[in-house]
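These values consider heavy atoms only, across backbone and side chains, with no hydrogens, waters or symmetry-generated copies. One-based numbering along the sequence shown.
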Amino acid sequence: MTSRSASPSMHPYDDMSPVAQAAYRARAASADIAPLPRAAKDDALLAMADALEVRTADIVRANADDVARAREAGTSESIVDRLTLTPERVRAIAADVRHVAGLPDPVGEVVRGSTLPNGLDLRQVRVPLGVVGIIYEARPNVTVDAAALCLKAGNAVLLRGSSSAYASNTALVRVLRDAVGGAGLPADAVQLVPGESRDSVRELMRARGLVDVLIPRGGASLIRTVVEESTVPVIETGTGNCHVYVDSQADLDMAVDILINSKAQRVSVCNAAETLLVHQDIADRFLPRALDALAEAGVTVHGDERVLAHAEGSKATVVPATAEDWETEYLSHDIAAAVVDSLDSAVAHIRLWTSGHTEAIVTTSQAAARRFTQLVDSTTVAVNASTRFTDGGQFGYGAEIGISTQKLHARGPMGLPELTSTKYIVTGDGHIR
């Protein structure tokens with residue numbers, strides 16, 4: 001009897017697990033996609049956008065099952081909001097895909113180049129990363145964002161969303177794969193990692209040699225687990241404990257507007273403000289207005305003693321802050337608040353508690369703005385602008401793959417260039433060393 005290993009009809013991955021098989025197929029697809037011209041990739045992206053709109057009803061129907069299960073399980077409304085897909089949100093996601101199609105293709109871009117003294121022509125050019133794994137929580141829009149950006153940058157993508165969004169992600173990936181295959185590209189460039197258990201996540205994290213890089217998107221626990229347990233290189237995205245500091249020379253009307261937009265425009269996202277710091281010189285004038293505005297927005301304030309002293313007569317719900325509040329990413333209608341003695345005190349507080357995402361200063365002083373931007377070490381430092389602008393779309397990068405809070409390879413909103421690596425091309429004329 002002929003053994004399985006001796007059969008010429010058997011694929012080399014037939015004895016692999018389903019996750020390894022998916023990774024193997026992704027690796028083959030990435031090799032086919034890498035050399036494609038921009039037009040071929042853009043055609044596939046536009047097909048994806050069209051398919052999302054045509055099959056919106058199927059997507060929303062699948063998503064409704066996930067949302068119903070989440071509510072039955074007592075999931076917080078902020079997480080349910082992240083999970084929910086409406087026809088309007090699907091249209092917005094499709095529009096993001098079309099925007100990505102219109103962006104410049106980073107592949108082949110010459111990062112630097114020169115002719116060496118010996119006559120060799122040296123060029124460093126952008127190339128795809130290869131196979132990108134995305135591990136993320138209940139945000140099905142990430143499924144499409146990641147697929148579009150990875151494909152545009154010439155990569156194959158392995159998508160491992162949370163079990164809470166399994167029906168939504170399955171429906172979305174089915175639509176995307178049909179569109180990609182219909183456009184003449186390998187459908188395996190976009191795959192949902194098989195399985196709903198944590199075992200499939202662990203296997204993906206250990207698929208070194210098949211998967212080139214992992215990008216986790218989600219809460220602190222997920223990110224820490226991927227960073228600490230993965231043998232595949234990880235680009236670390238971080239939680240968003242973002243601060244708004246209102247300086248002694250702030251325009252108070254502007255400060256209120258920026259605070260409310262940063263905190264309450266959408267509370268369930270990583271660039272929402274979670275801490276308010278107010279200079280003591282303007283606390284008497286600013287805090288009563290700020291607390292009333294936060295109350296109107298439905299925000300509960302976790303304040304230090306000096307904030308609590310300004311709460312009398314306010315419409316706001318103000319509770320005493322604990323040490324835990326200063327490090328918390330609420331993702332809800334809550335904000336921590338403190339009065340600080342100086343700009344340097346605000347910086348010291350931020351350095352102690354920040355997650356390194358986004359910090360904002362509101363001030364009319366150029367000197368204060370300059371000092372704040374010099375001393376604060378986060379991915380984004382905003383001057384007289386909302387923290388909500390830290391976003392790939394707002395920065396003009398298209399739908400982002402995530403916001404990296406590390407300092408290697410990529411930092412801040414990750415667009416197309418961050419989904420590439422580089423290689424050197426050396427051209428000679430018979431040169432020998």
Worksheet item: Does Arg91 come within less than 4.0 Å of Asp96, counting only side-chain N to carboxylate O?
Response: no
Worksheet entry | Under 3.5 Å donor-acceptor, Gln21 side chain and Met16 backbone | yes
Item to complete: Just do the side-chain hydrogen bond (donor to acceptor under 3.5 Å, both in side chains) check on Thr239 and Glu329 with the steps written out, would you?
Response: CA-CA 7 Å; Thr239 54; Glu329 182 188 32; 4.6 Å; no
Worksheet item: Do Gln191 side-chain atoms and Ala22 backbone N/O form a donor-acceptor pair below 3.5 Å?
Response: yes
Worksheet item: Given Asp251, which of Ile258, Val246, Asp257, Thr364 fulfils the side-chain contact (heavy atoms from CB on, under 4.5 Å) condition?
Response: Thr364
Worksheet item: What distance do Ile135 atom CD1 and Thr237 atom OG1 have between them, rounded to the nearest 0.5 Å?
Response: 10.5 Å
Discussion item. With a 3.5 Å distance limit and no angle check, can you tell me whether Asn155 reaches the backbone of Leu129 through a side-chain donor-acceptor pair?
Written reply: yes
Worksheet entry | Which residues share a side-chain contact (heavy atoms from CB on, under 4.5 Å) with Ala187, sequence neighbours left out | Arg177
Worksheet item: Given Asp344 and Arg371, is the salt bridge (Lys or Arg N to Asp or Glu O under 4.0 Å) satisfied, shown in steps?
Response: CA-CA 9 Å; Asp344 285 352; Arg371 182 165 179 78; 2.9 Å; yes
Worksheet, complete the sentence: The side-chain contact (heavy atoms from CB on, under 4.5 Å) partner of Pro140 among Asp66, Leu83, Ile93 is Leu83
Discussion item. Looking at Val19, is its backbone amide N or carbonyl O close enough to the side chain of Glu203 to form a donor-acceptor pair, meaning the two atoms are under 3.5 Å apart?
Written reply: no
Worksheet item: Within a strict 4.5 Å, meaning less than it, do heavy atoms of the Asp304 and Trp326 side chains meet?
Response: yes
Discussion item. Between Glu137 and Ser162, do the side chains contain a donor N or O and an acceptor N or O under 3.5 Å apart?
Written reply: no
Worksheet item: Can a donor-acceptor pair be found between the side chains of Tyr424 and Arg112 at a distance below 3.5 Å?
Response: yes
Practice prompt. Take Val362 and Met254 through the side chain to side chain contact (heavy atoms under 4.5 Å, CB included) test and state the conclusion after the steps.
Written response: CA-CA 8 Å; Val362 185; Met254 178 189 295; 4.1 Å; yes
Worksheet entry | Residues Tyr245, Leu343; criterion side chain to side chain contact (heavy atoms under 4.5 Å, CB included); working and verdict | CA-CA 8 Å; Tyr245 165 60; Leu343 183 150; 3.7 Å; yes
Worksheet entry | Worked verdict on Val67 versus Val80 for side chain to side chain contact (heavy atoms under 4.5 Å, CB included) | CA-CA 7 Å; Val67 171; Val80 171; 4.1 Å; yes
Worksheet entry | Under 3.5 Å: donor-acceptor pair, side chain of Asp247, backbone of Ala250 | no
Practice prompt. Mind listing the closest non-hydrogen atom pair of Ile401 and Ala146 along with its distance?
Written response: CD1-CA, 3.3 Å
Item to complete: Decide, yes or no, whether a salt bridge links Asp81 with Arg266 under the criterion of side-chain N to carboxylate O below 4.0 Å.
Response: yes
Discussion item. Would the distance check show the side chain of Lys152 and the main-chain N or O of Ala101 forming a donor-acceptor pair, the cut-off being under 3.5 Å?
Written reply: yes
Worksheet item: Hey, is Arg25 close enough to Asp188 for a salt bridge, meaning N to O under 4.0 Å?
Response: yes
Discussion item. Under a plain distance cut-off of 3.5 Å, with no hydrogens placed, do Thr354 and Asn241 share a side-chain donor-acceptor pair?
Written reply: no
Worksheet entry | Member of Leu159, Val144, Val157, Asp178 meeting the side-chain contact (heavy atoms from CB on, under 4.5 Å) criterion with Val173 | Leu159
Practice prompt. Rounded to the nearest 0.5 Å, what's the gap from CG on Leu151 to CE on Met48? Could you check?
Written response: 6.0 Å
Practice prompt. Tell me, with the steps shown, if Arg27 and Asp212 meet salt bridge (Lys or Arg N to Asp or Glu O under 4.0 Å).
Written response: CA-CA 9 Å; Arg27 194 141 203 90; Asp212 292 290; 2.9 Å; yes
Can you give each donor-acceptor pair under 3.5 Å made by side-chain atoms of residues 377-384, sequence neighbours left out, with the distance rounded to 0.1 Å?
{"from": "Asp377", "atom 1": "OD1", "to": "Arg411", "atom 2": "NH1", "distance (Å)": "3.3"}
{"from": "Asp377", "atom 1": "OD1", "to": "Arg411", "atom 2": "NH2", "distance (Å)": "3.0"}
{"from": "Asp377", "atom 1": "OD2", "to": "Lys407", "atom 2": "NZ", "distance (Å)": "2.7"}
{"from": "Ser378", "atom 1": "OG", "to": "Glu359", "atom 2": "OE2", "distance (Å)": "2.7"}
{"from": "Thr379", "atom 1": "OG1", "to": "His357", "atom 2": "O", "distance (Å)": "2.6"}
{"from": "Asn384", "atom 1": "OD1", "to": "Thr363", "atom 2": "N", "distance (Å)": "2.9"}
{"from": "Asn384", "atom 1": "ND2", "to": "Thr363", "atom 2": "O", "distance (Å)": "2.9"}

Worksheet item: CD1/Ile335 to CD/Glu274 distance, rounded to the nearest 0.5 angstrom?
Response: 7.5 Å
Item to complete: Evaluate ring-ring contact (aromatic ring centres under 6.0 Å, His included) for His302 paired with Tyr330, printing each intermediate quantity in order.
Response: CA-CA 11 Å; His302 302 248; Tyr330 293 109; 5.1 Å; yes
Fill in: Reference residue Arg160; test side-chain contact (heavy atoms from CB on, under 4.5 Å); the match among Ser200, Pro216, Pro194
Ser200
Practice prompt. Give the intermediate values and the outcome of salt bridge (Lys or Arg N to Asp or Glu O under 4.0 Å) for residues Glu109 and Arg123.
Written response: CA-CA 10 Å; Glu109 175 190 348; Arg123 286 180 295 141; over 6 Å; no
Worksheet item: So, the side chain of Arg388 versus the backbone of Ala272: is there a donor-acceptor pair under 3.5 Å, distance only?
Response: no
Practice prompt. Consider only side-chain N and O atoms of Arg126 and Ser421, and report whether a donor and an acceptor are under 3.5 Å apart.
Written response: no
Discussion item. Within this structure, what is the CG-CZ distance for the pair Leu204 and Arg208, rounded to the nearest 0.5 Å?
Written reply: 13.5 Å
Worksheet item: Are the side chain of Thr75 and the backbone of Arg71 linked by a donor-acceptor contact shorter than 3.5 Å?
Response: no
Worksheet item: Side chains of Ser342 and Ser345: donor-acceptor distance under 3.5 Å anywhere?
Response: yes
Practice prompt. Please check if atom CG in Asn118 has more than 12 non-hydrogen atoms from other residues, nucleotides or ligands closer than 6.0 Å.
Written response: yes
Discussion item. With side chain to side chain contact (heavy atoms under 4.5 Å, CB included) as the criterion, how do Val125 and Val111 come out once you've worked through the C-alpha distance, each side chain's angles and the decisive distance to 0.1 Å?
Written reply: CA-CA 6 Å; Val125 300; Val111 177; over 6 Å; no
Worksheet item: Would you say Asn261's side chain and Ser386's backbone share a donor-acceptor pair under 3.5 angstrom?
Response: no
Worksheet item: Is it the case that Asn271 and Thr358 place a side-chain donor and acceptor less than 3.5 Å from each other?
Response: no
Worksheet item: Quick check: are there more than 12 heavy atoms from other residues, nucleotides or ligands sitting under 6.0 Å from CZ of Phe389?
Response: no
Worksheet item: Closest heavy-atom contact between Ala171 and Ala62?
Response: CB-CB, 3.8 Å
Worksheet item: What residues, two or more places apart in sequence or in another chain, satisfy side-chain contact (heavy atoms from CB on, under 4.5 Å) together with Val60?
Response: Thr56, Pro87, Val90
Practice prompt. Evaluate whether atom CD of Gln366 has more than 12 neighbouring non-hydrogen atoms of other residues, nucleotides or ligands under 6.0 angstrom away.
Written response: no
Discussion item. On a heavy-atom basis, which atom in Cys270 and which in Leu331 lie closest, and how many Å separate them?
Written reply: N-CD2, 4.5 Å
Worksheet item: Among side-chain atoms of Asp325 and Thr322, is any donor-acceptor pair under 3.5 angstrom?
Response: yes
Worksheet item: Short question: side chain of His409, backbone of Glu418 - any donor-acceptor pair under 3.5 Å?
Response: yes
Discussion item. Just verifying a value: how many Å separate Leu52 CG and Leu176 CG, rounded to the nearest 0.5 Å?
Written reply: 5.5 Å
